[in-house]
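Note that the numbering runs from 1 along the sequence shown for the chain.
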Amino acid sequence: MAKGKHSGFTGRGRGHGGGKKGRAASAQSRRNLLANDSDVVHGPGAPSCDEEWNDEVQESSRSSDVTITVPVAMWDFDHCDPRRCSGKRLARQHLVAELRVGSRFRGVVLSPKAVQVLSPADKAIIDKDGLAVVECSWARLSEIPFSKIASPHERLLPYLIATNPTNYGKPWRLNCAEALAAAFYLTGHDNWAERLLASFGWGSSFYTVNQHLLERYRTCEDAAAVTTVQEQVLAELEENYAAARRVPEGYDGSDLLVANPNHTPPPASDPETGSGSDSAPKEA
C-alpha cells in the first residue's frame, strides 16, 4: 500500500498503529462512518454499519492499479459482525487504517455528531489530510466517546441511497465503504471511490443508483449550496409521492373494477332446451 503524502493522523492507530508497519499502514489510512443498528448509524448524512457477506470479488486491474494517496481511516467500535463489516474488509485489504480512541485526525471525519454537510469545498482538506469515519451503531451512540475522536472538520453526507445488500434502496443507510466512496465522489476523486467499491460485488451499483444526486451536489460551491440542493431533492420526492397517490381528476368514487371486454362470460342456458339463448334454431 502506497504511503500518503500527508499522514493526517496524530496519536497511534489501532490495528495498523504500532511499529513501523503500523505507521506505514496508517499513512494510507481510511475509514467511514459506519452505523449499525440493524446496521446503520445514520441520520441525514451519517454512514451506517453494514455487512460484508462472503462476496469478495476479483478486483479489476483498472481499480487495483489506483493508489489512494491520502490517509483513509476509521474508529471501529466493533458494533457489527467482523465477517460482514465493509469497513473491516477494507482494513484487511489495507485500504483503511484503524485508529485508537484518543487518536486525532486532521482531515475530514464523517460523523453522526457533525452539523455541517460535506461539499466540494472540502476537497482541499481531504487532499491535504485525508478522510475518516466513525463506525458505530445508532442504537449505541451513547457509548461513543465523541470528545476523544473529534476533528476540526466533522461532516455529514447529504441525501444518498444505499445499495449494499442489507439496506438496498434505503436513503441514508450507507455502510462504511459507501460513505467513504460517497465523500470521494463528492470531492472529485472518482477513481478513489471506485477503488474502495471494487472490493464488493455490489459496489458498482452505488454510483449507478446515486449518479443523478452526486452530479447535482458536485455543482455546489459550499455546504450551504449542498443543503439547498438536498432540500430540493427531498421536496421533489415528496411531490412525486403525493402525485402517485393523488385521486384522478373526474373520479366519482365508484369502483374502478370493470368487466374485461375480452373475457365475456358465456350466455346463460335456457332451462327448457338446455341451450343458450343465442343458440341456433333447430331445423324443422
Does the side-chain contact (heavy atoms from CB on, under 4.5 Å) test come out yes or no for Arg155 and Val117, once each step is laid out?
CA-CA 5 Å; Arg155 298 289 187 268; Val117 71; over 6 Å; no

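- Not a single donor-acceptor pair under 3.5 Å links the side chain of Asn210 to the backbone N or O of Leu213.
- Of all heavy-atom pairs spanning Cys220 and Pro120, the tightest one is O-CG, 3.3 Å.
- Closest heavy-atom contact between Phe105 and Pro152: O-CD, 3.9 Å.
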Criterion side-chain contact (heavy atoms from CB on, under 4.5 Å) on Lys123 and His189, from CA distance to verdict
CA-CA 9 Å; Lys123 182 180 187 300; His189 295 298; 3.9 Å; yes

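- Distance check, rounded to the nearest 0.5 Å: CZ of Arg104 to OG of Ser151 gives 8.0 Å.
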When you look at Trp75 and Val109, which way does the side-chain contact (heavy atoms from CB on, under 4.5 Å) test go after all the steps?
CA-CA 10 Å; Trp75 287 274; Val109 172; 3.9 Å; yes

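- For Thr187, there are no side-chain hydrogen bond (donor to acceptor under 3.5 Å, both in side chains) partners two or more places apart in sequence or in a different chain.
- You'll find the side chain of Val226 stays beyond 4.5 Å of the side chain of Thr228, heavy atoms only.
- Between atom CG of residue Leu197 and atom OG1 of residue Thr163 there is a gap of 7.5 Å, rounded to the nearest 0.5 Å.
- Atom CG of Leu131 sits about 5.0 Å away from atom CZ of Phe184, to the nearest 0.5 Å.
- Partner Tyr185 forms a ring-ring contact (aromatic ring centres under 6.0 Å, His included) with one of Trp192, Tyr217, Tyr207 and no other, that one being Tyr207.
- Applying the side chain to side chain contact (heavy atoms under 4.5 Å, CB included) test to Arg246 and every residue at least two apart in sequence or in another chain returns Glu239, Ala242, Ala243.
- The side-chain heavy atoms of Leu110 and Leu156, taken from C-beta on, include no pair separated by under 4.5 Å.
- Partners of Glu231 according to the side-chain hydrogen bond (donor to acceptor under 3.5 Å, both in side chains) rule, which considers only residues two or more places apart in sequence or in another chain, do not exist here.
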For side-chain contact (heavy atoms from CB on, under 4.5 Å), just list the numbers for Val66 and Glu194, CA-CA rounded to whole Å, side-chain angles, deciding distance to a tenth of an Å, and then say yes or no.
CA-CA 9 Å; Val66 173; Glu194 292 167 5; over 6 Å; no

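- One finds a salt bridge joining Asp190 and Arg218 here, because a Lys/Arg side-chain nitrogen approaches an Asp/Glu carboxylate oxygen to under 4.0 Å.
- In this structure, Asp222 has no salt bridge (charged side-chain N to carboxylate O under 4.0 Å, His left out) partners at least two apart in sequence or on a different chain.
- Thr227 places a side-chain N or O within 3.5 Å of a backbone atom of Ala223 that can act as its donor or acceptor partner.
- Within the 3.5 Å criterion, the main-chain N or O of Val115 finds no donor-acceptor partner in the side chain of Glu154.
- With sequence neighbours excluded, the residues satisfying salt bridge (charged side-chain N to carboxylate O under 4.0 Å, His left out) with Glu236 are Arg216.
- Rounded to the nearest 0.5 angstrom, Glu98 CD and Ser103 OG are separated by 11.5 Å.
- Partners of Ala182 according to the side chain to side chain contact (heavy atoms under 4.5 Å, CB included) rule, which considers only residues two or more places apart in sequence or in another chain, are Leu157, Leu160, Leu174, Phe206.
- The line from CG of Asp122 to CD1 of Ile126 is 6.0 Å long, rounded to the nearest 0.5 Å.
- In this view, His153 satisfies the side-chain hydrogen bond (donor to acceptor under 3.5 Å, both in side chains) rule with no residue, not counting sequence neighbours.
- Rounding to the nearest 0.5 Å gives a distance of 8.5 Å between CG of Leu186 and OG of Ser119.
- The closest donor-acceptor contact from the side chain of Gln230 to the backbone of Tyr159 lies under 3.5 Å.
- Remark: Glu238 engages no residue in a side-chain hydrogen bond (donor to acceptor under 3.5 Å, both in side chains) (not counting sequence neighbours).
- Take Lys170 and apply the salt bridge (charged side-chain N to carboxylate O under 4.0 Å, His left out) test, not counting sequence neighbours, and it matches no residue.
- Considering only residues two or more places apart in sequence or on other chains, Glu221 meets the side chain to side chain contact (heavy atoms under 4.5 Å, CB included) condition with none of them.
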